[in-house]
Every structure is written in structure tokens, then in C-alpha cells.
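Working notes, beginning with the structure itself.
Just so it is clear, the structure is predicted and the values come from calculations on it, not from any experiment. In the text below, chain A, chain B and the rest are named by the order of the sequence lines, each starting its count at 1.
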Amino acid sequence: MTAAESPQVAQRYDPRDVQEKWQARWAELDPFRASEDPADPRERFYLVDMYPYPSGDLHMGHAEAYAIGDALARYHFLRGRNVLHPIGWDAFGLPAENAAIRNDSHPADWTYANIETQAASFRRYAVSFDWSRRLQTCDPEYYRWNQWLFLRFYERGLAYRKGGYVNWCPIDQTVLANEQVINGRCERCGAEVVRRVLTQWYFKITEYADRLLADAAQLEGHWPERVLLMQRNWIGRSEGAEVRFAVEGRDEPVTVFTTRPDTLYGATFFVVAADLPLAEELCAPERLPELRAYVEQVRKLTDIERQSAEREKTGVFLGRYAINPVNDEPIPVWAADYVLPDYGTGAIMAVPAHDQGDLGFARAHGLEVRVVVDTGQPDPAQAGVATVGEGTLVNSGSINGLDKAQAIAAITAILEEKGLGKAAVSYRLRDWLVSRQRFWGTPIPIVHCPSCDEVPVPDDQLPVELPDLRGQDLLPRGVSPLAAAQDWVNVPCPACGEPATRDTDTMDTFVDSSWYMFRYCSPHDTDRPFDPERVRRWAPVDMYVGGVEHAILHLLYARFFTKILYDMGLLDFTEPFTRLINQGQVINCGRAMSKSLGNGVDLGEQIERFGVDAIRLTMIFASPPADDIDWADVRPEAMVKFLARVWRVAADVAAADAAAGPAAAARGTGDAELRRVTHRTIDEVTRLVEAYHLNVAVARLMELVSAARKAIDSGLKARGSAEGPGPADPAVREAAEVLAVLLSLFAPYTAEECWELLGHEPSVALATWPLADPALLVLDTVTCVVQVNGKVRDKLDVPPSITEAELRELALAAPGVLRTLDGRHVSRVIVRPPKLVNIVAA
RNA sequence: GCGGGCGUGGCGAAAUCGGCAUACGCGGCAGGUUUAGGUCCUGUUGGUGGCGACACCGUGGGGGUUCGACUCCCCCCGCCCGCACCA
């Protein structure tokens with residue numbers, strides 16, 4: 001029997017032909033709207049795909065991410081849950097602004113045009129969004145709540161302004177948060193970041209460092225392990241002690257942080273970050289010119305140069321001595337750039353014998369290296385390798401002979417007793433720098449008044465809307481373009497009414513994305529950022545789908561916001577995303593797609609060629625969700641073929657029904673063998689989807705299609721001789737229906753076509769997920785593998801209920817076993833009924 | 001350097017608990033349909049040896065535990081990711 005001969009199906013199936021038809025029907029049906037009815041008995045499920053940045057049309061990466069999210073969302077819909085699956089746009093940001101400068105237009109033009117393009121693409125891509133909740137962060141109705149939240153943070157001391165070293169991107173002409181600097185480069189444009197001293201707004205995320213760390217335990221097992229790990233590393237908690245050193249010529253002692261207070265006797269010099277005002281303070285007057293020259297030199301270095309560990313360690317002696325508090329020994333004070341100004345206190349006690357960085361400095365400048373922990377390893381002064389392991393304290397007065405842990409406890413106790421220090425914790429995490437010197441973002445709702453200083457804009461004056469700037473007005477000048485908008489900047493002080501000026505910076509766009517998942521719950525609320533009642537119903541997000549590139553930035557910030565909102569009493573949970581799955585990247589020929597490599601693949605083109613269903617299926621089938629997909633390795637045409645096979649099963653059933661009159665066949669009857677396959681498929685696909693093994697789920701569907709095909713063809717071949725079930729068999733219809741519903745997770749158009757062919761309406765989206773009949777999952781015979789010394793020598797068909805004794809006897813008599821044994825002595829028989837027997841022979 | 005992850009056919013990948021390695025797909029091969037090519041359909045496809053029944057080898061390498069190891073343990077090699085003077 002061949003396709004060409006088949007009387008059942010003459011026409012060919014092209015999945016591209018049915019897309020428009022179903023888009024129109026779905027728009028009418030609106031099947032995915034989440035219900036807010038508190039009386040709705042369905043279990044709620046909240047699934048969020050990370051919202052896109054509207055940089056143009058959707059691309060291959062979006063196609064993968066949303067195919068995964070949509071499959072899961074549709075699964076929960078079909079399981080009868082009240083699913084919230086919203087979409088929005090991360091619509092503020094630099095590219096819009098740069099486009100506006102190029103085109104002499106307003107960033108909003110570019111932004112909203114791209115959003116419309118993407119929205120249309122999402123509809124074509126058949127993603128099951130609740131479109132009524134769509135949000136865009138550049139809408140004043142959205143960003144006014146950024147401002148509202150900023151003011152609440154401000155009231156709590158969590159938003160504050162301070163001067164200090166910041167990361168400045170010379171291309172984008174704005175400051176960046178620490179998290180946005182990757183290997184010393186701007187994460188957006190790749191330019192080398194330089195350090196500048198500026199007064200900026202910060203969110204006090206460091207105050208939440210411990211909670212961010214502790215609550216990560218709740219996410220264990222539900223978030224990818226590496227994301228949790230990256231967050232833990234980023235927060236970088238270290239335990240140690242603060243030690244106060246008196247310094248000649250200064251009244252106040254200088255505090256240092258150390259993780260190794262046990263090595264205090266080994267401190268042979270003292271270093272302060274050269275570019276900290278403290279360095280000048282500590283410097284002997286005659287050494288000042290030298291220090292200043294050095295600092296000048298340091299400033300010229302980029303962060304990349306400065307942080308290179310191979311570089312010779314430079315520094316200058318400040319002509320002063322600090323007093324080691326445990327032995328009153330004077331140690332020289334140096335200024336150097338290997339000590340960072342913004343970690344710990346910006347000053348350290350240097351223990352060259354037991355710290356590699358300090359050792360490098362000591363060797364470069366001829367400073368003493370004194371071993372105080374005997375680790376049994378070679379002398380660091382000779383070997384050039386600091387010893388950091390366990391050992392016994394030596395040269396350390398009262399703590400001699402103790403081990404590392406004992407010594408840390410002892411020294412800490414001594415310091416505390418004498419008021420010279422205490423146990424302390426330090427974090428690598430810095431406060432989140434949120435102000436930006438660019439236009440297309442949320443204005444910071446603060447007014448600067450000559451007499452009242454910082455004055456919050458009153459809530460009833462929110463939103464502070466952006467002024468109407470466009471084109472050249474937006475050129476980066478090192479200060480925010482907002483500063484040039486005189487009409488906008490000059491306002492009466494909300495407190496005293498005298499002339500004052502608005503803060504001209506805008507917020508980091510990561511502020512927008514730190515709480516959008518709550519806004520989705522009541523996106524049209526005009527009185528507050530979100531309705532706590534509704535958020536309580538939906539949130540936290542049950543499933544969050546997005547790329548691992550946000551492992552630190554967005555996810556850390558969103559967790560931070562959630563904790564603040566919890567503290568404000570607006571949420572009753574402390575973690576925003578219960579479960580997280582990362583999708584991999586779509587690459588091409590082994591590399592990320594890029595214009596410069598010319599290996600880009602256009603999503604729209606792929607869809608034109610193969611249709612939406614085939615592209616979605618390609619994404620899902622290629623690999624597990626978290627793995628990268630190399631587009632050079634996949635064959636969308638194979639998916640087109642598969643879809644046509646599925647369709648042909650449904651079409652054959654429909655044709656057989658038409659020939660036989662109205663199908664009266666009873667459910668639950670028909671070919672038993674096919675029914676078993678169908679129900680096993682239901683069972684397995686359900687389990688696989690629950691475990692996110694979507695690629696394997698598709699493989700199971702392919703097997704079901706093959707089984708259905710065989711059942712149909714064998715019946716046709718028989719022609720009255722009743723050799724096989726044929727297309728009219730109820731089991732075949734059952735298989736086709738199950739197939740349509742299960743397939744709808746991945747290929748909604750084809751699923752709809754099949755569902756319709758099988759006589760159902762209006763949409764497979766309103767179908768129910770099938771339940772496997774347990775009776776059909778039990779096999780009446782099982783293949784038992786019989787091994788001799790671990791090698792398969794025979795196979796037996798046995799009933800699943802076979803006893804150990806019976807199976808043992810059968811196995812020992814199996815021909816393959818007898819042949820292999822060839823009279824050898826059987827020393828042991830391991831029987832695992834009903835699937836395996838292993839015979840151990842001499 | 002530190003931390004983490006991963007190595008399975010020619011390729012993408014499967015393998016609940018330690019129990020038939022390579023499901024499913026791609027590619028290849030053979031056949032059918034076709035005037036031909038393509039499409040489509042069917043079969044086949046880890047390696048070596050053998051006409052064959054079969055035998056041996058085989059999940060990066062080496063060792064171990066076990067009746068039995070892709071799976072657990074130790075050592076090594078390779079690749080990927082994160083952090084990288086954080087005191």
C-alpha cells in the first residue's frame with residue numbers, strides 16, 4: 001500500500017495552508033483568557049515566559065523559548081487548570097534611543113512599531129497568551145509604578161544617593177551596575193568600562209544579601225543548579241573578622257576585613273586602595289606627590305588591565321606605619337591598586353606568606369614574608385606560592401600550636417575582648433546602581449531643591465512623564481538628555497514651592513522587569529502597582545521560562561524586589577519564581593548567530609518555508625530544552641513530513657467514517673494492540689511533559705503515528721480478509737484523537753486540523769488531556785532477558801506475574817543458555833522477575 | 001587558579017531504581033512508486049570476523065565496587081560555562 005494508491009487520501013497536507021484560518025478562529029474564541037472569578041474551581045497555574053525586548057521582529061531564540069513555554073502552558077490548560085500565561089514588552093532601553101537619534105524620531109515610534117510586529121508574530125506563532133493583559137513598560141501607566149516603588153524604597157532608606165567609583169561606559173555614555181559589567185566590558189555594547197567618580201542612585205540590595213542567599217535554599221531542586229550557584233558566587237559571602245589598626249599620624253584607627261584573622265601575626269605590611277581618599281589621609285606629607293603621581297597612573301588603566309593577575313604589583317610606600325594590634329609591631333603602610341576601593345573597607349592587612357596577592361606584592365617590593373601557619377608545604381618566600389591550607393600556628397604568640405579553625409576563634413575572641421575587632425561578614429555583592437544618564441527610561445521622581453535638598457515627588461503627581469525629546473536632543477553628552485529639557489527640569493519644589501530642578505537621570509530598565517510578573521495579575525489597575533488580592537491568587541509564578549543570560553541580573557533583582565514587597569506587606573511570599581527553566585540558545589554552525597559572521601537564520605523565512613508547526617516542532621524535538629540547538633544539525637523538513645503523517649491518519653479515519661456512515665463505534669473498543677500503544681503513549685507523554693523531556697515526548701508521538709499507520713494499512717491490505725484493523729477500527733480513531741490532543745502542545749495548527757477532521761469543534765485547545773486506562777498499561781507478556789555471566793543469551797516471553805522459581809526453571813532450560821553453558825557448573829542464579837535472569841557460571 | 005557541568009553510532013539525541021546500550025529523528029544503503037529526477041512509501045543501518053547460525057569488541061581513557069555499570073566510587077584526559085587579585 002502506498003500513499004499514491006491510497007483511496008483514503010488524495011490530497012497532500014501543507015501545514016502552511018491552514019495558519020490563517022486558525023488564527024482567525026482563535027482570535028474569535030479567545031480560548032486562553034485566564035479567569036479572575038474567585039469561584040472558579042479550577043486549580044490556578046501561573047506560567048511566565050521572560051518578556052521580550054522589542055528590538056525588531058522575533059528571532060530564532062524567541063522561537064525556541066516560546067515553543068517551550070507554550071507547550072507547558074497548553075499542557076496545563078488541557079489538564080483543566082485555570083492558566084495565566086501573559087505577555088508584555090520590556091520596552092525601555094538604549095537601542096530605541098539610538099534608533100531615534102539615527103532617524104531623527106522619537107524612541108516611542110521605533111519601540112511601538114517593533115512591539116506591533118512582534119505581537120503579530122506571536123499570534124502567528126500560535127502562543128497561548130492571554131492577550132488582555134498585555135503590558136509595555138514604556139507606557140506611563142506602567143512606569144508610574146516604577147516611580148511609586150522608587151519612592152517607597154526611598155522612604156525605607158533602600159533607595160539612596162552616594163558619590164563614589166562607578167562603572168562608566170564610554171560608548172553608551174552612561175553608568176552601569178556591577179552586574180552589567182562582564183569582564184570589564186559593557187554587557188550591552190562591549191566597550192571597555194572606565195571608572196569614574198559620580199554621585200548616583202543606588203538600591204540597597206546588600207541589605208538583603210543574607211536573605212537572597214538563605215532563600216535560595218527554597219529554590220533548590222526547582223531552579224537549575226548552576227543559576228543558584230552563580231547567584232551564590234555573585235553574592236559572595238565570606239566570613240572573617242574586622243581588625244582595627246592604629247596608624248601613625250591619624251587619630252582614628254583604620255579597620256580592615258580579613259577572612260584569615262588567624263594569620264594576624266603574619267601581617268608584615270598594610271595596604272590601602274590607592275584611589276581611595278583614605279590613601280591621601282594616611283600619607284606622610286612628603287610622600288604626597290609620589291602618591292598622586294601613582295594614582296594618576298592607576299586612573300589611566302582600564303579595569304581589564306588593572307585586574308589582570310599576571311601584572312606586576314605596583315604601589316607606593318606612604319611613609320607611615322600601622323600598629324599590629326596583637327603584637328604592637330609597626331608595619332609599613334602602602335597604597336596599591338591591587339586592593340579594591342569598594343570591597344571590604346578598601347584597606348587590608350597583608351599576609352604575604354598565606355595570600356597569593358600579598359605575596360606577589362611583597363616580592364615586588366622586597367617586603368618581609370613571615371610564615372605563621374605551618375602547612376608542611378615549601379616556604380612561600382622561596383617557592384613564590386602562598387600556603388593557604390590547614391596547618392599549625394607558629395610565630396604567633398598565644399595562639400601557637402592551634403589549628404586554623406581554633407586560631408580563628410581564638411584571635412577573634414582576643415580582638416573582641418580588647419575592643420580591637422570582631423567577627424564580621426563581607427559580601428562581594430555591591431549595591432545596585434540604578435540611575436542612568438540616558439533618555440528612554442523611567443524618570444527618577446525626585447526634585448532637587450536648593451533649600452530642601454532631595455524632595456520626593458508627591459504620589460499624586462505621578463507619573464513624572466518623559467518630556468517630548470527626539471532625534472538629536474537625545475545625543476549622549478555624558479549627562480542625561482533630560483537635563484537639556486529646561487521646561488521639564490525646572491519645577492517648583494514640592495516642599496517649599498521655590499524654584500527647584502528635577503533629577504534628570506532615568507532608572508535602569510532592570511527596575512521594570514523586577515516586578516512585571518506581579519503587574520500581569522492586575523495590569524489595568526490605576527490605583528496601585530498591583531492588586532495584592534489578585535497577586536495572592538496567582539503568584540508566585542509556578543513556572544518561569546527564559547534564558548540563562550539572566551541568571552544573575554534580572555533574576556537576582558526580581559528576587560530582591562519580591563523581598564522588599566514582602567516586607568512592605570504587599571506580598572505573602574518571598575520568592576517570585578517557584579520553578580525556573582532555562583532554554584538553550586539557537587546557534588548556527590557551532591557559533592552564536594551574528595551579523596558579522598553572516599550565519600544568521602531568519603525566523604520569518606524559516607516559517608515561510610516550513611510553517612509554524614514544523615519550526616516549533618523542530619525546536620522541541622532537537623534536544624532537551626536546556627541544550628543549545630545548532631540549526632545546522634536540524635531538519636525542519638523532517639517535521640513537515642511527520643506533520644503530514646499525523647494529518648493523514650486523521651484524514652484516513654475521517655474518510656473511513658464518511659464511507660461507513662456516521663461513526664457508531666463504541667469508545668473503548670477496537671484493536672487491542674493499538675489501544676495499548678495509544679494508552680502507553682498517553683501515560684509516557686504525560687510523564688515526559690511533567691519532567692520537561694519534551695523532545696522525548698515528541699519521539700513517543702512519532703511512534704504512535706507509526707503504530708496507527710500500520711493499523712490502517714494492514715486493514716486496507718487485507719480487503720475483507722480481515723487481516724488488520726483498518727481505518728474504520730475504533731482503536732484507530734482513538735489513536736488519532738489522542739494524537740491530535742497531545743500534538744497540540746507542539747503543533748497547534750495541525751492538531752486543530754486533525755481535531756476538525758475527526759469531527760470535533762470548535763478547537764482542540766478546549767479539549768481535555770486524555771487519561772490512560774491503567775488496564776491497558778499492563779502487559780500480558782513481558783520479554784525476559786536471560787543472561788549468562790552478564791551477557792544476553794536468550795529471551796523468554798513470560799507472564800508478568802511469573803514467580804521467581806518458575807522463571808528460574810524456564811531460564812535454565814532456555815536453548816541459548818544450554819548452548820552457552822555447555823555443561824559448565826552454574827554457581828549462582830540471580831532472578832529478577834519478570835524482566836531478568838542472570839546465570840553465573842564457572 | 002577556584003567552582004560547576006558535560007563526554008553515548010557518521011550527526012541531533014534516548015535509556016524511572018544499577019538490569020536488553022543506541023528509542024525517536026537526520027544522514028547512509030537497498031527496494032517500491034515514477035518516463036526520469038525529486039517527492040512519497042517500505043525495509044535496513046554501532047564496529048570487527050563469518051556464506052551462515054553466531055562470536056568477539058563497544059557509552060572519552062585507566063582502575064574499583066557488583067551476579068550485572070552509560071548509570072555508583074577513585075585517578076586521568078578533553079570540551080563547555082561561571083567567577084577570577086574580593087583580602
Side-chain angles (χ1 to χ4, degrees), chain A residues 1-6 12 182-183 224-234 236-238 240 256-260 263 267 271 273 306-311 313 336-340 342-351 354-361 426-430 548 551-552 617-618 621-624 626-630 632-635 637-639 641-642 644-645 648 684 687-688 691 693 695-703 705-706 709 713 783-792 794-795 816 819-820 827-832 835-841:
Chain A
M1 193 78 241
T2 68
E5 275 179 308
S6 168
R12 274 279 173 60
I182 311 293
N183 293 328
E225 193 50 43
R226 65 170 173 155
V227 173
L228 293 175
L229 214 109
M230 282 163 73
Q231 293 216 349
R232 288 193 184 107
N233 289 342
W234 190 261
R237 183 190 149 100
S238 24
V256 303
F257 174 77
T258 178
T259 53
R260 295 292 306 275
T263 62
V271 191
R306 179 168 172 171
Q307 288 178 7
S308 158
E310 286 84 55
R311 194 169 59 97
K313 284 191 163 45
D337 64 0
Y338 85 95
V339 172
L340 305 176
D342 52 2
Y343 179 78
T345 62
I348 62 158
M349 62 177 220
V351 185
H354 308 294
D355 179 279
Q356 193 60 42
D358 294 344
L359 183 61
F361 192 82
S426 185
Y427 298 93
R428 219 187 63 105
L429 181 71
R430 315 288 153 88
V548 74
I552 296 172
L617 217 39
T618 303
F621 184 62
S623 64
D627 288 13
D628 287 352
I629 297 172
D630 193 328
D633 290 337
V634 299
R635 284 292 104 97
E637 46 273 58
M639 299 301 112
K641 198 166 103 181
F642 166 65
R645 273 166 67 82
R648 213 155 62 81
E684 289 192 10
R687 258 195 9 246
L688 289 163
H693 297 162
N695 54 329
V696 190
V698 174
R700 294 293 169 265
L701 295 183
M702 290 173 170
E703 288 171 321
V705 172
S706 294
R709 183 79 258 149
D713 288 350
T783 303
C784 176
V785 173
V786 186
Q787 301 174 330
V788 176
N789 292 336
K791 283 182 180 155
V792 182
D794 213 329
K795 290 178 186 184
R819 186 175 60 234
T820 312
S827 57
R828 199 173 157 191
V829 183
I830 288 107
V831 187
R832 293 277 178 280
K835 300 204 54 164
L836 181 125
V837 178
N838 190 13
I839 296 161
V840 186

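Applying the salt bridge (charged side-chain N to carboxylate O under 4.0 Å, His left out) criterion to A:R430, with sequence neighbours excluded, gives A:D342. In this structure, the salt bridge (charged side-chain N to carboxylate O under 4.0 Å, His left out) partners of A:D337, at least two apart in sequence or on a different chain, are A:R311. In this view, A:R635 satisfies the salt bridge (charged side-chain N to carboxylate O under 4.0 Å, His left out) rule with no residue, not counting sequence neighbours. Residues meeting the salt bridge (charged side-chain N to carboxylate O under 4.0 Å, His left out) test with A:E225, sequence neighbours left out: A:R232.
For the pair A:R428 CZ and B:rG82 P, the computed distance is 13 Å after rounding to whole Å. We find that CD of A:Q356 is positioned 10 Å from P of B:rC86, with the value rounded to whole Å. If you take CE of A:M230 and C1' of B:rG82, they are 5 Å apart, rounded to a whole angstrom. For the pair A:L340 CG and B:rC86 P, the computed distance is 8 Å after rounding to whole Å. Between the C1' atom of B:rA87 and the NZ atom of A:K313 lies a distance of 12 Å, rounded to the nearest Å. Distance, A:F361 CZ to B:rC85 P: 16 Å, rounded to whole Å. Taking atom CG on A:D630 and atom P on B:rC26, their separation rounds to 18 Å, with Å as the unit. If you take OH of A:Y338 and P of B:rC85, they are 13 Å apart, rounded to a whole angstrom.
Where RNA chain B pairs in unbroken runs of 3 or more (Watson-Crick or G-U, both distances under 3.5 Å), the stems are B:1-7 with B:77-83, B:10-12 with B:24-26, B:27-32 with B:40-45, B:46-49 with B:54-57, B:60-64 with B:72-76.
OP1 and OP2 of B:rA87 both lie 4.0 Å or more from every side-chain N or O belonging to A:S426. Considering only side-chain N and O atoms, A:K791 lies nowhere under 4.0 angstrom from the phosphate OP1 or OP2 of B:rC20. One finds a side-chain N or O of A:R828 lying less than 4.0 angstrom from the OP1 or OP2 phosphate oxygen of B:rC67.
Nucleotide B:rG27 carries an anti base; the chi torsion (O4'-C1'-N9-C4 or O4'-C1'-N1-C2) is more than 90° from 0. With a glycosidic angle more than 90° from 0, B:rC11 adopts the anti conformation.
Environment of CZ in A:R226: sparse, with no more than 12 heavy atoms of neighbouring residues, nucleotides or ligands closer than 6.0 Å.
Here, B:rC24 and B:rC41 have their P atoms 16 Å apart, quoted to the whole Å. Comparing the C1' positions of B:rA14 and B:rG7 gives a spacing of 16 Å, expressed to the nearest Å. Separating the P atom of B:rC26 from that of B:rU34 is a span of 24 Å, rounded to the nearest Å. Rounded to whole Å, the P atom of B:rC20 lies 13 Å from the corresponding atom of B:rU71. Comparing B:rG62 with B:rC81, their C1' atoms are spaced 27 Å from each other, to the whole Å.
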query: Could you run down nucleotides 6-19 of chain B 5' to 3' and tag each one B, S or - for protein heavy-atom contact under 4.0 Å?
result: -----SBSSSB--B
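Nucleic acid contact for A:V339: base, since at least one base atom lies under 4.0 Å from a heavy atom of the residue. When heavy atoms are screened at a 4.0 angstrom cut-off, A:S827 is found touching no nucleic acid atom at all. Contact annotation for A:K795: base contact, defined as any heavy-atom pair under 4.0 Å involving a base atom.
Without hydrogens or angle criteria, A:S827 side chain to A:V840 main chain gives a donor-acceptor distance under 3.5 Å. Checked by atom type and distance alone, the side chain of A:N838 pairs as donor or acceptor with a backbone atom of A:G790 at under 3.5 Å. Judged by distance alone, with hydrogens and angles left aside, the side-chain atoms of A:Q231 form a donor-acceptor pair with the main-chain N or O of A:A551 at under 3.5 Å.
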- request: Determine, stepwise, if the pair A:R700 / A:E703 fulfils salt bridge (charged side-chain N to carboxylate O under 4.0 Å, His left out).
  value: CA-CA 5 Å; A:R700 294 293 169 265; A:E703 288 171 321; 3.1 Å; yes
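Of the N and O atoms on the side chains of A:R428 and A:S238, not one donor lies less than 3.5 Å from an acceptor on the other residue.
For B:rC86, the base has a donor-acceptor partner in the side chain of A:R430 [N/O atoms by modelled type, under 3.5 angstrom].
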